[in-house]
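In each ligand, atom 1 is the first atom listed, and ligand 1 is the first ligand listed. Because only heavy atoms are used, hydrogens play no part in the values below, and waters and symmetry mates are left out as well, while side chains stay in.
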Amino acid sequence: MPVRRAALTCCIPSLRTRTSAQAGPGMTRSERGLIERSAMTEVLVLNGPNLNMLGDREPEIYGSLTLADVADTCRTTAAELGWELDFRQSNHEGELVEWVQEAGRAQRDGRLIGAVINAGAYTHTSIALHDAVAGSGLRVVELHISNVHAREPFRHHSYLSSVAAAVLIGFGVAGYPMALRGLQALIAPANEGNLS
Ligand code: CA2
């Protein structure tokens, strides 16, 4: 089961259940509202190890906003795009792998648009995360706050880039809402042929 950190998640599972019912003219306003809410599509933002420390240290690299601030910004952008946000962070590789697998199933069922993933240092080490993204078919925008190519050589290789639909690097935490908008661009009809 995913460990949901209260400050960083914003989903009420019961409201995420999809229904095949359509809002129709004979319905009361509250019935219509319930169906519209329950049919809302989700977007996932996954954060890897040490990103829980955002805003605490190394502001010259990662800025001074906390991960909770980033979650708030993402929630606003997701709402503007008509999506419900599921924002998570874990320091554990296996937990991230399980979340990717779960997200792949949700995407297949039409409940999820895709995911923005900042896998932190696992980006540079984790074949398991590479395999999880490849195997799940999850639509991923890989994100990095810093320009990893302007840093140490060990940050130059990513195990995720080859299985990501897109990569966004070096815009600071402003990259998070940009990546969400990028996901929307990826699913726009004009780009359908380019989806991975
Ligand atoms: O630039 C990024 O977003 C990174 O994914 C961040 C990772 C790093 O290992 C990647 O190479 C690039 C590190 C996240 C650690 O974040 C901290 C934030 C504040 C204080 C300490 C660590």
For this session: Give a yes or no on whether the backbone of Thr66 and the side-chain of Asp69 come within a donor-acceptor separation of less than 3.5 Å.
Result: yes
Exercise. Where does the angle between the aromatic ring planes of Tyr176 and Phe87 fall among parallel (under 30°), tilted (30 to 60°) and perpendicular (over 60°)?
Worked result: tilted
For this session: Give, for atom CH2 of Trp83 and atom CG of Leu180, the distance between the pair rounded to the nearest 0.5 Å.
Result: 6.5 Å
Below 3.5 Å only, please: the N or O atoms of ligand 1 paired with protein N or O atoms, distance on each line.
residue, atom, partner, partner atom, Å
ligand 1, 1 (O), Ile145, N, 3.2
ligand 1, 1 (O), Ser146, N, 2.8
ligand 1, 1 (O), Ser146, OG, 2.6
ligand 1, 3 (O), Asn118, ND2, 2.9
ligand 1, 3 (O), Ile145, N, 2.7
ligand 1, 5 (O), Asn118, OD1, 2.8
ligand 1, 5 (O), His144, ND1, 2.9
ligand 1, 9 (O), Ala121, N, 3.4
ligand 1, 9 (O), Arg155, NH1, 2.9
ligand 1, 11 (O), His124, NE2, 2.7
ligand 1, 11 (O), Arg155, NH1, 2.9

For this session: Using side-chain contact (heavy atoms from CB on, under 4.5 Å) as the criterion, list what pairs up with Tyr159, not counting sequence neighbours.
Result: Ile127, His130, His157
Exercise. Would one find more than 12 heavy atoms of other residues, nucleotides or ligands at under 6.0 Å from atom OH of Tyr62?
Worked result: yes
Exercise. So which of Val116, Val140, Leu129, Val100 actually passes side-chain contact (heavy atoms from CB on, under 4.5 Å) with Leu46?
Worked result: Val100
